[in-house]
Amino acid sequence: MKVQLQQLLEQTVASLKQQGIIPADAQPRVQVDRTKDKSHGDLATNLAMMLSKAAGKNPRELAQLIIDNLPESSLVTKVDIAGPGFINFFLNPLWLVEQVEAALIDPRLGIEPIADPQTIVVDYSSPNLAKEMHVGHLRSSIIGDAVTRTLEFQGHKLVRQNHVGDWGTQFGMLLAYMEELQAKGQEINSNLSNLEVFYRAAKQRFDESEAFATRARNLVVELQSGDEHCNQLWREFNEVSLSHCQETYDRLGVSLTRADVRGESAYNDDLNQVVADLDQAGLLKEDQGAKCVFLDEFKNKDGDPLPVIIQKKDGGFLYATTDLAAMRYRQRELNADRVLYFVDARQGLHFQQVFTVARNAGFVKPATSLEHMPFGTVMGEDGKPFKTRSGTVAKLADLLTEAQNRAYDLVKSKNPDMAEQDLRNIADVVGIASVKYADLSKNRTSDYMFSFDQMLSFEGNTAPYLLYAYTRVASVFEKAEVNASELTGSVLLEHEKELDLASKLVQFNEVITSVARLGYPHLLCNYLYELAGLFSSFYEACPILKAETEAQKQSRLKLAWLTARTLKQGLSLLGINTLERM
RNA sequence: GCGCCCUUAGCUCAGCCGGAUAGAGCAACGGCCUUCUAAGCCGUAGGUCGAAGGUUCGAAUCCUUCAGGGUGCGCCA
């Protein structure tokens with residue numbers, strides 16, 4: 001509804017320009033805000049105050065002219081001038097009814113597919129295969145996934161890229177340890193079942209034995225030079241580690257698959273070409289034996305231009321090189337219009353640098369948008385980066401199990417007589433949803449405090465609150481013994497709570513647009529929480545099955561139904577499943 | 001030293017391309033289950049928006065300075 005009003009005001013501005021009331025070169029950003037106070041109507045604009053100076057009129061006088069020139073529309077019933085020159089708009093309930101009815105009969109809830117779809121490459125999750133996924137991977141995986149799903153729903157073409165860390169020096173250590181186990185006749189697969197343990201054991205051998213360490217370093221060289229034995233071990237290791245990741249994705253409801261994996265190693269063959277291209281472009285300089293690109297935009301400690309090291313003096317490559325190769329690939333092969341990186345905020349400088357290099361080298365077209373979507377660190381309750389009591393980083397799988405167990409206890413206490421299987425299913429969904437929602441509902445860019453108790457409190461602004469609202473609708477329909485498709489009559493917005501609910505329902509598309517543009521899933525969380533809240537109030541204040549008239553009952557069932565579908569769709573964009581019962 | 005980010009209620013967080021009395025949740029206190037699931041609803045209380053200047057009709061929001069915290073800055077990723 002904001003958008004519609006904005007369009008009306010744009011027309012008004014054009015008309016006022018024609019009449020010479022405001023200068024033709026004025027380019028006001030037409031801003032429409034939702035009001036906080038009902039006495040100010042539903043929507044307001046400050047347009048008159050913005051333009052008053054340019055028009056040489058006092059704001060209230062100009063406001064009147066704006067109102068006089070506003071095109072006819074069924075959107076609003078009343079327009080007022082208030083305070084210093086605000087224009088307040090009162091929404092026409094009949095217009096709301098139309099919107100609600102239209103959304104009800106549309107599988108996409110009234111949200112049109114986007115007119116100009118883009119190819120959007122999303123780089124997210126990207127764990128290091130040397131270790132098991134831990135809490136640190138949670139944010140990238142689920143925030144990236146939520147934004148990906150939202151963009152996909154809008155109608156864009158999404159290419160997921162799981163840029164896993166499957167290359168680098170630490171693999172020498174791991175391969176050496178695999179060799180050692182093999183020599184002892186041990187089953188490697190079972191040893192790899194717990195990657196954390198495996199990694200620590202390999203590290204220990206590396207630290208305690210010089211011979212082992214030497215072997216590890218040699219294996220890195222052999223691996224990079226394409227030695228078949230080495231590559232065999234390496235593939236075996238990655239296979240196991242990737243299947244661990246996939247288990248976690250499936251459990252978490254992250255939409256990544258094996259087909260989306262394109263790890264660092266996939267760019268090995270491109271690295272020399274990247275160096276050659278940079279050299280060709282005249283960007284490369286040798287410094288202290290390393291090949292670097294110096295960027296005047298960035299300074300180091302001494303105020304000198306900051307280098308991006310492309311190739312080490314020993315000939316090895318660094319992650320900047322791989323990232324550049326990936327950008328080149330994403331432009332040339334994937335034809336990206338937009339590339340999003342859901343990566344820790346601490347890598348901000350790195351991305352600023354490689355984005356700049358990639359542009360200077362022509363790896364990406366000027367029109368292609370490269371966007372680092374940073375997120376903050378997950379902190380423990382002591383305010384330091386999250387660790388377990390033993391000081392190690394918490395395994396993601398253990399975290400999820402803990403969440404599901406806590407949810408199970410709660411579900412059981414609420415439903416003592418429920419069948420075990422059902423309890424388990426509900427608890428699993430609630431547990432996962434809680435963990436995801438706790439993260440998604442916070443502003444991506446800030447660090448946040450990880451707390452089991454808050455994440456799994458199941459009260460207030462949490463996933464269970466939203467799921468609960470959804471099950472209430474499901475329950476009503478079960479009791480009513482009607483199908484949504486059988487509902488008759490038109491929506492009636494008589495009660496204040498009905499109006500509020502309808503008004504919120506109609507705002508769904510605005511939120512999706514914002515999430516898609518900015519990559520902030522918490523905006524959708526906020527919206528869904530407000531929607532569920534308004535529904536809960538409506539549910540208390542407006543009896544559905546015991547409504548006063550049949551027409552009222554039908555209307556309320558429709559409102560409830562659209563609420564449920566909006567919640568389900570919204571949660572689905574967040575990668576969260578709903579339940580019919582809990 | 002330089003860059004980026006942060007500082008809002010006791011706690012955890014929204015709000016930040018300026019807008020009308022600063023919002024939630026938790027915790028606290030008081031109501032509401034013979035009526036559609038109380039994982040809920042209704043209400044009370046709680047804030048010099050880190051500090052000081054500035055721009056503006058109007059600043060939590062923009063600019064400057066300062067304080068405190070975080071994070072990053074050449075051969076790890």
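Fair warning: this is a prediction, and the values are worked out from it, not measured in the lab. Below, chains carry the letters A, B, ... as their sequence lines are ordered, and counting in each starts from 1.
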Look at A:Lys442 and B:C13 and indicate whether a side-chain polar atom (N or O) is within less than 4.0 Å of OP1 or OP2. no
Within less than 4.0 Å of OP1 or OP2 of B:G15, is there a side-chain N or O belonging to A:Asn443? yes
Name of the residue among A:Tyr319, A:Phe237, A:Trp234 meeting ring-ring contact (aromatic ring centres under 6.0 Å, His included) with A:Trp167: A:Trp234
Under 3.5 Å for both donor-acceptor distances, Watson-Crick or wobble: does B:G68 have a partner, and if so which one? B:C6
I need the residues from residues 546-554 of chain A with at least one non-hydrogen atom less than 4.0 Å from RNA chain B; give them sorted by number, or say none. A:Lys546
Among the nucleotides B:G25, B:C17, B:U37, whichever has the atom closest to the side chain of A:Arg517 is B:C17
When you measure from the side-chain N and O atoms of A:Arg346 to the phosphate of B:C5, is any distance below 4.0 Å, counting only OP1 and OP2? no
Which nucleotide wins on minimum distance to the side chain of A:Phe458, given the candidates B:C57, B:G74, B:A39? B:A39
Using only heavy-atom distances, decide whether a donor-acceptor pair under 3.5 angstrom links the side-chain of A:Asp287 to the base of B:G74. yes
Which listed nucleotide (B:G70, B:C42, B:A39) is nearest to the side chain of A:Pro464? B:A39
Looking at B:A77, does its base get a donor-acceptor pair with the side chain of A:Tyr319 below 3.5 Å? yes
Examine B:U37: is either OP1 or OP2 under 4.0 Å from a nitrogen or oxygen in the side chain of A:Ser475? Give yes or no. yes
For the side chain of A:Ile309, counting heavy atoms from C-beta on, which of B:U37, B:G74, B:U71 is nearest? B:G74
Between the base of B:A77 and the side chain of A:Asp323, is there any donor-acceptor pair under 3.5 Å? no
Name every residue in residues 32-39 of chain A that has at least one heavy atom under 4.0 Å from any atom of RNA chain B, in order of residue number, or write none if there are no such residues. A:Lys36, A:Asp37
Considering Watson-Crick and G-U wobble pairs with both distances under 3.5 Å, what does B:G47 pair with? none
Quick check, does A:His40 stack with B:A20? I mean ring centres under 5.5 Å and planes off by under 30°. yes
Selected nucleotide, minimal atom distance to A:Tyr539 side chain, candidates B:A39, B:C36, B:C41: B:C36
Are A:Lys131 and A:Tyr199 in a cation-pi contact, defined as NZ or CZ under 6.0 Å from the six-membered ring centre and within 45° of the axis? yes
For the residue pair A:Phe317 and A:Tyr267, is the inter-centroid distance of their aromatic rings smaller than 6.0 Å? no
State whether A:Lys203 and A:Asp207 are salt-bridged, where the test is any N-O pair (Lys NZ or Arg NE/NH1/NH2 against Asp/Glu carboxylate O) under 4.0 Å. yes
For B:U56, the Watson-Crick or wobble counterpart (both distances under 3.5 Å): none
For B:C73, the Watson-Crick or wobble partner whose two distances fall under 3.5 Å: B:G1
Nucleotide of B:C76, B:G40, B:A20 approaching A:Ala44 most closely (side-chain heavy atoms): B:A20
B:C42 phosphate, OP1 or OP2, under 4.0 Å from A:Ser537 side-chain N/O: yes
Nucleotide of B:A14, B:C73, B:C41 approaching A:Tyr465 most closely (side-chain heavy atoms): B:C41
A:Asn461 has its side chain closest, among B:A20, B:G25, B:A39, to B:G25
B:U71 and B:C17: how far apart are their C1' atoms, nearest whole angstrom? 26 Å
With the six-membered base ring of B:A20 as reference, does the ring of A:Phe86 sit under 5.5 Å away with planes under 30° apart? yes
